[in-house]
Amino acid sequence: MDQEQGFCPHRCELNAFPTIDDKPLLMKPTTSPKTYRVKSFGCQMNVYDGERMAEMLGERGIVPAPEGEEADLVVLNTCHIREKAAEKVYSDIGRLTKAGREAGKEPLIAVAGCVAQAEGEEIMKRSPAVSMVVGPQAYHRLPEMLDRAVQGERATDTDMPAIAKFAALPERRRTNPASFLTVQEGCDKFCTYCVVPYTRGAEISRPYADLVTEAKKLVDAGAKEITLLGQNVSAWGGEDEKGHRVGLAGLIHDLAKVEGLARIRYTTSHPADMDGDLIAAHGEIEKLMPFLHLPVQAGSDRVLKAMNRSHTAESYLKLLDRFRAARPDLALSGDFIVGFPGETDAEFAETLALVDEVRYAQAFSFKYSPRPGTPAATMDGQVAKEVMDDRLQRLQAALNRDQLAFNEASVGRTCEVLVERKGKHAGQWLGKTPWLQSAWFEGDAAIGDLVQVELLEAGPNSLSAKLRETVAA
Ligand code: 5AD
Ligand code: SF4
C-alpha cells in the first residue's frame, strides 16, 4: 500500500507524523547496553511487538535484565488508546530516570508503540532522557537507532512503511505455549472516538506464506496455541499457495493443519467484516476455540451511528445468533464505551439491555476518553465524569454478574486446559480452558501441557479444577 512518507495514510488532520530526524540531537555518548527490559502496555499486539523487539535485542547479545535490577536499556512500548494509558509514559520516564540516577547509571530509554507514533516530537521535547522514539511500523530499525543512541544521538522514527518490519525481524525461536501472531495491522473503520487508524495506519494483511511459516516456527519453539492478532483481524485477506484468494477463515483452516498446533484463536474483530465462512469455521474446525471477542461498544443505535460503527444493536445480535448456531457453546466477549458524547440515560439503558440479552462470558468496558484529533473529541454533549463513573459501575456490575454466571455454569464440565504458568503455591498450575477462562489445579504437570481437568468451583475471575489426565506434552 502506498503511504506518503511522514503523513497519515488517510491525510487526516493528524498528519503531522514526524519521520526519522536527520539533525542529530545530542546526548552524552554511552557504552553499549548489556541488559534490556521491554515494558509493553495496552493490547495484545503490543505484547507481540514487545516480544519481537526483545528478539532483536537478543540477536545483538543484549540479555533481559534480571528481576529487580535496573536495565541498561528500557523500551517503553506504549498505548495511546485512552488518555490514562498515554499519560503512563511520562510518569514511567520520570521514574526510570530517578531510579537510574540513584543507582548511578541512567538507562538508555526508547519509547515505542502508539504514543511514540502520535506524540514523537512532543516526547523528545518534553523528555530529554529519551534517546529513541520509534513507531509501531518502524521498530525493526531499533538496532540502528541504538547504535546512534550509544554515540549520543537522539533519533525519532515514526515512518509507516507498509509491513516492511516483518521481513527485517529475526526468526521466532522462543515463545510461550499460548503465543500471538500478528496477521493484520491497522484499521480503516474510523470509529469517531478511536486513535488506532491514525497510530497504526491503514489496514494491511501480512502475506499468507509468511504467516504459515511463522506459525510453524512458533510451534517448533513450543507454542500449542496461537492467537491471530489484528486491529481488525477479520479483514485479513491473502492468496494461498495455489493462488486462491482466502479470508481469515481460509487461513485458520490451513493453520489448523499445522502439526503440533492444538488451539487457534483470533482477535479483534469488527461486526462488519464477519463473513459466512468465518461463522462456519467455528462449527467446522476443532482447533478453533469456542470463543469470540466481538466489540459492540454501545446498545443505542443513535450512539452507534455517532460512533461510526456500521452496525445496529439488532444487526449485532443477529450476527451473534449466527455464530451461536454454528457453535452452540461459544463464549462471547465484547468491548463497551460508556459516556460517549451525547449519550443519554435512556441510551445507556439500551447498553444494559443488550448486555442482559447477550450474557457475555467476559467483557472490557471503558469510560469514553477524548483523543486529540478524533472527531468525537470535539463533539457537543461531552458527558460529565461523575455520570461516566456511575454508568461504568452499573455496566461492570452487570458484566461481572454474567461472567460469574458463565463460570458457574461450567462447573462439573470436563475440559482441556493449556498450562501456561505455575500458580502461587507449590504444585499449583494455571492455564486456560477452551472458553478462555483461567483455571488452576494441583498435580503433576508442566508448562505447555494440555491436560484434562474437571472444573470444580467457580469464582468471578477463575475456576478451580481437578486434574484428570495429560493429553500431550
Ligand atoms: N475512549 C474509551 N475507550 C476507547 N476504546 C477505543 N477508543 C476509546 C476511547 N477514545 C476502547 C474500545 C475498543 C477498545 C480496544 O478500546 O472499546 O474496542
Ligand atoms: Fe478503533 Fe476498532 Fe473502530 Fe478500528 S474498528 S477505529 S480499531 S475501535
Side-chain angles (χ1 to χ4, degrees), residues 8-10 12 14 40-48 78-87 113-115 117-118 136 182-205 227 229-236 248 266-274 292-300 303-311 316 319 332-343 348 351 354-355 360 362-379 381-383 385 387-389 391-392 395-396 399:
C8 163
H10 309 290
C12 62
L14 278 184
S40 288
F41 302 88
C43 66
Q44 290 155 327
M45 195 174 288
N46 262 12
V47 175
Y48 174 89
T78 61
C79 171
H80 199 241
I81 199 117
R82 285 169 292 275
E83 195 179 358
K84 259 203 186 138
E87 274 169 6
C114 290
V115 179
Q117 189 66 46
T182 292
V183 303
Q184 180 278 339
E185 278 202 71
C187 184
D188 295 343
K189 294 287 185 276
F190 287 91
C191 299
T192 53
Y193 50 81
C194 186
V195 287
V196 166
Y198 312 106
T199 54
R200 289 273 174 173
E203 280 175 8
I204 210 131
S205 295
T227 300
L229 296 180
Q231 267 88 32
N232 189 11
V233 71
S234 34
W236 183 86
L248 186 67
Y266 63 91
T267 199
T268 287
S269 308
H270 188 289
D273 294 311
M274 310 301 275
L292 175 66
H293 179 68
L294 192 60
V296 63
Q297 312 298 359
S300 146
V303 172
L304 288 169
K305 193 151 187 256
M307 287 176 162
N308 194 31
R309 295 285 301 179
S310 57
H311 59 87
Y316 176 84
L319 186 58
L332 293 166
S333 166
D335 287 349
F336 293 88
I337 296 176
V338 301
F340 183 80
E343 186 187 66
F348 171 65
T351 299
L354 182 136
V355 168
Y360 289 92
Q362 55 161 264
F364 302 92
S365 48
F366 313 100
K367 284 185 274 189
Y368 168 69
S369 168
R371 307 312 294 127
T374 58
T378 48
M379 279 181 187
Q382 299 287 323
V383 174
K385 185 183 167 300
V387 175
M388 284 206 257
D389 286 340
R391 288 182 190 164
L392 187 67
L395 174 60
Q396 290 187 340
L399 293 170

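Whatever order the structure lists them in is the order used to number ligands and atoms, beginning at 1. Source: prediction; values computed, not measured.
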State yes or no: are the ring centers of [X] and [Y] separated by less than 6.0 Å?
X	Y	result
F190	Y198	yes
F366	Y193	no
H293	F364	yes

Can you list the ligand 2 atoms lying under 4.0 Å from a non-hydrogen atom of [X]?
X	result
P197	6 (S)
Y193	8 (S)
F190	6 (S)
H270	5 (S)

Can you find a heavy atom in the side chain of [X] that is under 4.5 Å from one in the side chain of [Y]?
X	Y	answer
D335	V296	no
F340	Q297	no
L304	Y316	no
D273	N232	yes
V233	V183	yes

> Applying a 4.0 Å heavy-atom criterion (strictly less than), which segment of I81 is in contact with ligand 1: side chain, backbone, both, or neither?
Replying inline: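 I81 to ligand 1: contacts from backbone and side chain alike.
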Just need the protein heavy atom nearest to [atom], so name the residue and atom and give the distance.
atom	result
atom 1 (Fe) of ligand 2	C194 SG, 2.3 Å
atom 18 (O) of ligand 1	D335 OD2, 2.6 Å
atom 8 (C) of ligand 1	Y193 CD1, 3.7 Å

> Which of the listed options, A363, P370, S369, holds the heavy atom that is closest to atom 9 (C) of ligand 1?
Replying inline: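 When every heavy atom of A363, P370, S369 is considered, S369 comes closest to atom 9 (C) of ligand 1.
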> Any sub-3.5 Å donor-acceptor pair from N308's side-chain atoms to T192's backbone N or O?
Replying inline: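 Pair absent, no side-chain N/O of N308 close to backbone of T192.
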> Just by modelled atom types, is the A376 backbone N or O under 3.5 Å from a matching donor or acceptor in the Q382 side chain?
Replying inline: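 Yes; at least one donor-acceptor contact below 3.5 Å.
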Ligand-residue contact atoms, ligand 1 with [X], heavy atoms, under 4.0 Å:
X	result
R371	10 (N)
Q297	12 (C), 13 (C), 17 (O), 18 (O)
K367	1 (N), 2 (C)
R82	1 (N), 2 (C), 3 (N), 4 (C), 5 (N), 11 (C), 16 (O)

> With a 4.0 Å cut-off on heavy atoms, is R309 touching ligand 2?
Replying inline: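 Yes, R309 has a heavy atom closer than 4.0 Å to ligand 2.
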>> Can you see whether Q184 engages S205 through a side-chain donor-acceptor pair at a distance of less than 3.5 angstrom?
In response: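 Short answer, no.
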> Is atom 4 (Fe) of ligand 2 less than 2.8 Å from at least one N/O/S atom of C187?
Replying inline: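 Coordinating: yes.
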> So is there a nitrogen or oxygen of Y368 less than 3.5 Å from a nitrogen or oxygen in ligand 1?
Replying inline: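 No; every N/O pair is 3.5 Å or more apart.
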> Do you see an N/O/S atom of C191, backbone or side chain, under 2.8 Å from atom 1 (Fe) of ligand 2?
Replying inline: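 No, since none of the N, O or S atoms of C191 sits under 2.8 Å from atom 1 (Fe) of ligand 2.
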